[in-house]
Amino acid sequence: MPNKDPTLAIFREIPMSDRLIIFDTTLRDGEQSPGASMTRDEKLRIAKQLERLKVDVIEAGFAASSNGDFDAVKAIAQHVKDSVVCSLARANDRDIARAAEALEPARAKRIHTFIATSALHMEKKLRLSPDQVYEQARLAVRFARKFTDDVEFSPEDGSRSDPDFLCRVLEAVIDEGARTINIPDTVGYAVPELFAQMIIDLRRRVPNSDKAIWSVHCHNDLGMAVANSLAAVRQAGARQIECTINGLGERAGNTSLEEVVMAVKTRRDYFDLTLGIDTSQIVPASKLVSGITGFPVQPNKAVVGANAFAHASGIHQDGVLKARDTYEIMRAEDVGWTTNRIVLGKLSGRTAFKQRLQELGIAMESDQDVNAAFLRFKELADRKAEILDEDIQALVSDQAMQMASDDSYRLLSLAQSSKMGGRPHGEVVMTVEGREVRSEADGNGPVDAVFKAIESEIGSGAELLLYSVNAITTGTESQGEVTVRLSRGGRIVNGVGADPDIVVASAKAYIGALNKLQAKQERVNPQA
């Protein structure tokens, strides 16, 4: 049976005009970032963290795009109880039925269907007439309503669509029962004043506009996604913002959840809206998404960057010491930054380790996984005196990535040597399809030598697009986290590795990326 309007019930004690619904699409639109593809288990870990964050709607994926995405949406629907679980679907019966099947276990579910409405997209991409698009949109919402009362409709490339045609389509889909109308700025073309005015005009011109919640989904191509979204909320009465953790997304990314939430919370005097978000879970969510996807957060990123609450200027430091609000408009603790961390070490036991995993929101599938993580923790503790939260998160992400791969290749050991004036040399022992092999090579540096040693045996033919190193914590004992991005045959993948030895971390990341390239994947970009 269809569930009864779960979104409208989220804040049922608060008038709709005073609420702001946060719709997170990290697991769907965020995953469209080149190399950000996630496994089922990784998606489930992020979904559970989004539930702890008290996100109102979690867009779990695009169920019809692949069997893997279907399984991920279904797993999230089974496990998430406190947020609405949503699946994207193109405006056709097959996609919608597949989304409904994946969402069937959900306590509260939504089908989000879309079709392009701009003249450019209709002509060049869909090769459909406006009348055909109109009819397809209307029938798609009607069909989706057979499975749930909570149906959202998006006119793709809405910000570049003809207003008269857009009004015609939106009136029809609301008549068919769409409860949420989402206006996407698909290519990041909008500017705040014009985008807000566009939504004002649509709400005024569509006769039944009061029967739906109005939403916005903005991309950041011109750096205005957050500004466009907030303008639509404050000036045009939109009451849902679609966003992602860390602003993750294809091209320049999506509207940043943490920036939107903290803007509305910090400037309550201006926005005068209520949020259901537990802001103390923002930083843990940011770190989890960054670790899983291999997309590091820039230090000066608002709210979640390492420097967001750092003060280097003497004048600023003096002011903060006297009164925090001289230079801080929000408290670091309110978004999940804290200095009161439990430090684990080599004498810490399994119980303390397991408790810390729970406090960090890291869920393990089985005791066997916990034991494996604990052994890795002990190995790390023998090499690093103090194990901080970031070390544990990196350790678990590294383990999850290795376990999620098809294990075509696995690193067993490596040795490298280099000296000033000499040619660096790397030797690698690994398994290739279960067969142990040894290879060696010279390179321009120790990392280059190890990569060439790996390639001399595998011969992947992949192009290295990105090599990035980040210190997980402070100090020379810090683990290094390496991200490697490879491209081959049109596929782009990320590999992430962590280790106190940066060369080992690099080898782990490279082999992790090679395993992803080797794995068979069925993915369809929902905008393709």
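All values below were derived from every heavy atom in this structure, side-chain atoms included, with hydrogens, water molecules and symmetry-related copies excluded.
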inquiry  = Quick one about Asp157 and Thr186 (side-chain donor to acceptor, distance below 3.5 Å, no hydrogens or angles considered), yes or no?
reply    = no
ask   = Minimum heavy-atom separation for Thr113 to Ala140, with atom names?
value = OG1-CB, 4.0 Å
message = Against Val141, only a single residue in Val151, Ile174, Ile96, Ile111 fulfils side-chain contact (heavy atoms from CB on, under 4.5 Å); can you say which?
response = Val151
message = Between Asn220 (side chain only) and Ala225 (backbone N and O only), is there a donor and an acceptor less than 3.5 Å apart?
response = yes
message = Do Asn246 and Glu258 have side chains that approach each other closer than 4.5 Å (heavy atoms only, starting at C-beta)?
response = yes
request  = State, to 0.1 Å, how close Ala102 and Ala77 come at their nearest heavy-atom pair, and which atoms those are.
outcome  = O-CB, 3.7 Å
ask   = How long is the span from the CD atom in Glu242 to the CD1 atom in Ile21, to the nearest 0.5 Å?
value = 10.5 Å
query = Is Ile277 close to Val55 at the side-chain level, that is, under 4.5 Å between some pair of heavy atoms?
reply = yes
request  = Answer with yes or no whether the side chains of Thr26 and Asp24 bring together a donor and an acceptor at under 3.5 Å.
outcome  = yes
Straight-line distance of Leu103 CG to Ser87 OG, nearest 0.5 Å = 5.0 Å
ask   = Got a donor-acceptor contact below 3.5 angstrom from the Arg110 side chain to the Val84 backbone?
value = no
message = Is a donor from one side chain sitting under 3.5 angstrom from an acceptor on the other, for Lys301 and Ser256?
response = yes
key: Check: Arg19 side chain, Leu273 main-chain N or O, donor-acceptor pair, under 3.5 Å   = no
Closest non-hydrogen atom pair, Ala63 against Ala99 = CB-CA, 3.9 Å
message = When you measure from the side chain of Ser215 to the backbone of Asn182, do you find a donor-acceptor pair of N or O atoms at a distance under 3.5 Å?
response = no
request  = Would you mind reporting whether Phe114 and Pro184 have side-chain heavy atoms less than 4.5 Å apart?
outcome  = no
ask   = Under the side-chain contact (heavy atoms from CB on, under 4.5 Å) criterion, do Arg145 and Glu176 qualify, and how do the steps go?
value = CA-CA 8 Å; Arg145 280 294 304 272; Glu176 294 292 348; over 6 Å; no
request  = For the pair Asp175 and Arg138, evaluate salt bridge (Lys or Arg N to Asp or Glu O under 4.0 Å) and give the outcome as yes or no after the intermediate values.
outcome  = CA-CA 9 Å; Asp175 273 345; Arg138 186 176 65 82; over 6 Å; no
request  = Using the salt bridge (Lys or Arg N to Asp or Glu O under 4.0 Å) rule, take Arg251 and Asp221 through it: C-alpha gap first, then chi angles, then the decisive distance, then the call.
outcome  = CA-CA 7 Å; Arg251 302 188 314 277; Asp221 297 72; 2.6 Å; yes
message = Quick one: does any side-chain atom of Arg488 pair with a main-chain N or O of Gly461 as donor and acceptor, under 3.5 Å?
response = no
request  = Show the numbers, then the answer: is there a side-chain contact (heavy atoms from CB on, under 4.5 Å) between Ile241 and Val261?
outcome  = CA-CA 10 Å; Ile241 292 180; Val261 166; over 6 Å; no
key: Residue pair Arg204, Asp201: steps toward the salt bridge (Lys or Arg N to Asp or Glu O under 4.0 Å) verdict   = CA-CA 5 Å; Arg204 176 177 55 81; Asp201 292 343; 3.5 Å; yes
query = Do you know which two heavy atoms are closest between Lys43 and Ala60, and how far apart they sit?
reply = NZ-O, 3.4 Å
query = Is the closest side-chain heavy-atom distance between Leu53 and Ile282 below 4.5 Å?
reply = yes
request  = Mind listing the closest non-hydrogen atom pair of Ala64 and Asp95 along with its distance?
outcome  = CB-OD1, 3.3 Å
inquiry  = Can you tell me how far apart CD (Glu463) and CD1 (Ile492) are? Round to the nearest 0.5 Å.
reply    = 9.0 Å
inquiry  = Once rounded to the nearest 0.5 Å, what's the spacing between atom SG of Cys243 and atom CD1 of Ile22?
reply    = 5.0 Å
task = Return yes if some donor-acceptor pair links the side-chain N/O of Asn515 with the main-chain N/O of Tyr409 below 3.5 Å, else return no.
result = yes
message = When you compare the side chain of Lys74 with that of Gln78, does any pair of heavy atoms fall below 4.5 Å?
response = yes
ask   = Once you round to the nearest 0.5 Å, how far does CG of Leu27 lie from OG1 of Thr25?
value = 8.0 Å
request  = May I ask you to decide if the ring planes of Phe147 and Phe143 are parallel, tilted or perpendicular, using 30° and 60° as cut-offs?
outcome  = perpendicular
ask   = Under 3.5 Å, side chain of Thr255 to main-chain N/O of Cys218, donor-acceptor pair present?
value = yes
ask   = Which pair of non-hydrogen atoms, one from Phe62 and one from Arg28, has the smallest distance, and what is that distance?
value = N-CG, 4.0 Å
request  = Kindly say whether Val289 contributes a backbone atom to a donor-acceptor pair with the side chain of Thr293 at under 3.5 angstrom?
outcome  = yes
query = Stepwise, does the salt bridge (Lys or Arg N to Asp or Glu O under 4.0 Å) test hold for Arg98 with Glu101?
reply = CA-CA 5 Å; Arg98 191 71 167 153; Glu101 184 183 355; 3.6 Å; yes
inquiry  = Under a 3.5 Å distance rule, please check whether Trp214 uses its side chain to pair with a backbone N or O of Ala232 as donor and acceptor.
reply    = no
query = Does a side-chain heavy-atom distance below 4.5 Å link Gln235 with Phe195?
reply = no
ask   = Backbone N or O of Asp82 within a donor-acceptor pair of the Glu51 side chain at under 3.5 Å?
value = yes
request  = Report the C-alpha separation of Ile183 and Asp185 in whole Å, then their side-chain angles, then the decisive distance to 0.1 Å, and conclude whether the side-chain contact (heavy atoms from CB on, under 4.5 Å) test is met.
outcome  = CA-CA 7 Å; Ile183 306 301; Asp185 182 27; over 6 Å; no
query = If you measure from CG on Leu166 to CZ on Arg168, what distance do you get to the nearest 0.5 Å?
reply = 12.0 Å
inquiry  = Tell me if the CZ atom of Phe271 is crowded by more than 12 foreign heavy atoms within 6.0 Å.
reply    = yes
message = Evaluate Leu128 against Met122 for side-chain contact (heavy atoms from CB on, under 4.5 Å), listing each step before the verdict.
response = CA-CA 6 Å; Leu128 295 175; Met122 288 189 291; 5.5 Å; no
query = Heavy atoms, side chains only, cut-off 4.5 Å: are Glu250 and His219 in contact?
reply = yes
query = Should the heavy atoms of other residues, nucleotides or ligands under 6.0 Å from NZ of Lys211 be counted, would the total exceed 12?
reply = no
message = Within the 4.5 Å heavy-atom criterion, are Leu170 and Phe153 side-chain neighbours or not?
response = yes
